[in-house]
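For reference, the structure is listed below as structure tokens.
Keep in mind that the numbers below use all heavy atoms, side chains included, and drop hydrogens, waters and symmetry copies. Just so we're on the same page: letters track the sequence lines, and every chain starts at 1. Quick caveat: nothing in here was measured; it's all calculated off a predicted structure.
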2 protein chains.
Amino acid sequence: MGKKGAEVRQQIVEIADEVIYQRGFHQASFAELAEAVGLPKGNFYYYFKSKDELLAAVIDHRLAGIKVMLQDWQQEIPAPQDRLRRFLRIPLNEATRVLQYGCPMGTLSMELGKTDPVQQAYARQMFELFKAFLQRQFEALGKGKEAEPLAMHLLVWSQGMAVMSSAFKDQHCLQHEIDQANTWLESL
Amino acid sequence: MGKKGAEVRQQIVEIADEVIYQRGFHQASFAELAEAVGLPKGNFYYYFKSKDELLAAVIDHRLAGIKVMLQDWQQEIPAPQDRLRRFLRIPLNEATRVLQYGCPMGTLSMELGKTDPVQQAYARQMFELFKAFLQRQFEALGKGKEAEPLAMHLLVWSQGMAVMSSAFKDQHCLQHEIDQANTWLESL
DNA sequence: GTCTATATGAAGATAGAC
DNA sequence: GTCTATCTTCATATAGAC
């Protein structure tokens, strides 16, 4: 695959990322993706040898994005407490989309868990990046052995607020839970 | 549809309930259901005029089950505090399935949110039953206007633990979150 | 009233043309 | 190296047989 091909492939991955988020992996068809990219559908098999490979590429793309974001936070936000607060701002910044489609990581993980444990395990890496980041912040706050369950709890909370606010299409629920979580962080 | 037909229909609903939970609504095909029920696949359209109608019947079935369960709790458990604790025992009793397939309500709601807001709104009724029940218990505990957000928070927590413990296939995470939630209930 | 054979369309995938 | 025409499979759905 040449330079042009790599660019097109990258473009497909970015659009597939969004379509898979909004419609779900199984519901996102090549025909749909093709129209979004502006490419004939049969063409996908030049860039990806299967739908699973496309999914893997999308997950890799997400992983890379998360890594960059977390590194940026690490560099630009000095206080561990503020880094944890920054994490809680994600669902707020993405409120409209969270209400409509849920969390991109949570919904993908749940979907894959019902059809393919291997793909689900691969998608889990996204959570693991966040978990490791959050855990480091709690360790920096002197939480010692509690850092791991605390990190997990923050992930639990963020996923729960995404599911329920999306199920009820309730922006206030989302806002309230984020506020409560921030208060909880300060109380630690 | 005669007496026999109604029985068969009921049997299909019960099996479809389980298959939809384990495989997801879109992934659950008539062929798959047919084999599980022991019926030729073309037959479903005698009992349900579309897949959506089957889904509606499954949700109705779940709603009926939830209503009976909550009424039983109301009758058999005198203390509101204990009724809240009973709610938290669901994910523990269903731990194996929660780790494999997530929460039946949460995963269905998230899946439908990506394809059909109308069906998602219908499925939401399951959450509303639980929410109303939990809210009544918090009101009985004298929480007044806080009863509603407290009920929502317990739902958020339960959904979050289901998503994360399932994503990580981590029974200890589930157990720990349930313990923490019980402790939180006592602190109120 | 109950069930079966078949239609129709869309999905993922491939072989081979340009 | 890039793209297109086509294939196969399997989904939901229907018409009509028993």
All N/O contacts under 3.5 Å from nucleotides 16-18 of chain D to the protein, with atom names and distances to one decimal?
none

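Identified under the ring-ring contact (aromatic ring centres under 6.0 Å, His included) test for residues 66-91 of chain A, with sequence neighbours left out: A:W73-A:F133, A:F87-A:F130. Residue pairs meeting the ring-ring contact (aromatic ring centres under 6.0 Å, His included) criterion with at least one partner in residues 101-128 of chain A, sequence neighbours excluded, are A:Y21-A:Y101. Residue pairs that meet the salt bridge (Lys or Arg N to Asp or Glu O under 4.0 Å) test with at least one member in residues 174-183 of chain A, sequence neighbours left out, do not exist here. The stretch residues 66-93 of chain B participates, sequence neighbours left out, in these salt bridge (Lys or Arg N to Asp or Glu O under 4.0 Å) pairs: B:R85-B:E186.
In this structure, OH of A:Y47 is placed 18 Å from P of C:dA13, rounded to the nearest angstrom. Note: OH (A:Y45) to P (D:dT6) measures 18 Å, nearest angstrom. The CD atom of B:E35 sits 11 Å away from the P atom of D:dA11 (whole-angstrom rounding). Protein atom CZ of A:F44 is 20 Å distant from nucleotide atom P of C:dA15, rounded to whole Å. The distance between atom CD1 of B:I12 and atom P of C:dT2, rounded to the nearest whole Å, is 12 Å. One interatomic measurement links the two molecules: CZ of B:R9 to C1' of C:dG1, which rounds to 15 Å at whole-angstrom precision.
Among residues two or more places apart in sequence or in another chain, the side chain to side chain contact (heavy atoms under 4.5 Å, CB included) test is passed with B:E94 by B:I90, B:R97, B:V98. For B:F138, the ring pair (Phe, Tyr, Trp, His ring centres under 6.0 Å) test picks out no residue, with sequence neighbours left out. Residues that satisfy the side chain to side chain contact (heavy atoms under 4.5 Å, CB included) test with A:H172, not counting sequence neighbours, are A:D170. A:F168 pairs by the ring pair (Phe, Tyr, Trp, His ring centres under 6.0 Å) definition with nothing, not counting sequence neighbours. Partners of A:F25 under the ring pair (Phe, Tyr, Trp, His ring centres under 6.0 Å) rule, at least two apart in sequence or in another chain, do not exist in this structure.
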How does each nucleotide of nucleotides 5-11 of chain C score, in 5' to 3' order, for protein heavy atoms under 4.0 Å: base (B), sugar-phosphate only (S), or none (-)? B-----S

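Of the residues in residues 108-116 of chain A, not one places a heavy atom less than 4.0 Å from an atom of DNA chain D.
Contact between the side-chain N/O atoms of B:Y46 and the OP1/OP2 oxygens of C:dC3 is not found at any separation under 4.0 Å.
A donor-acceptor contact closer than 3.5 angstrom is absent between the side chains of A:K114 and B:Q100.
A side-chain donor-acceptor contact under 3.5 Å links A:R9 to the backbone of A:Y47.
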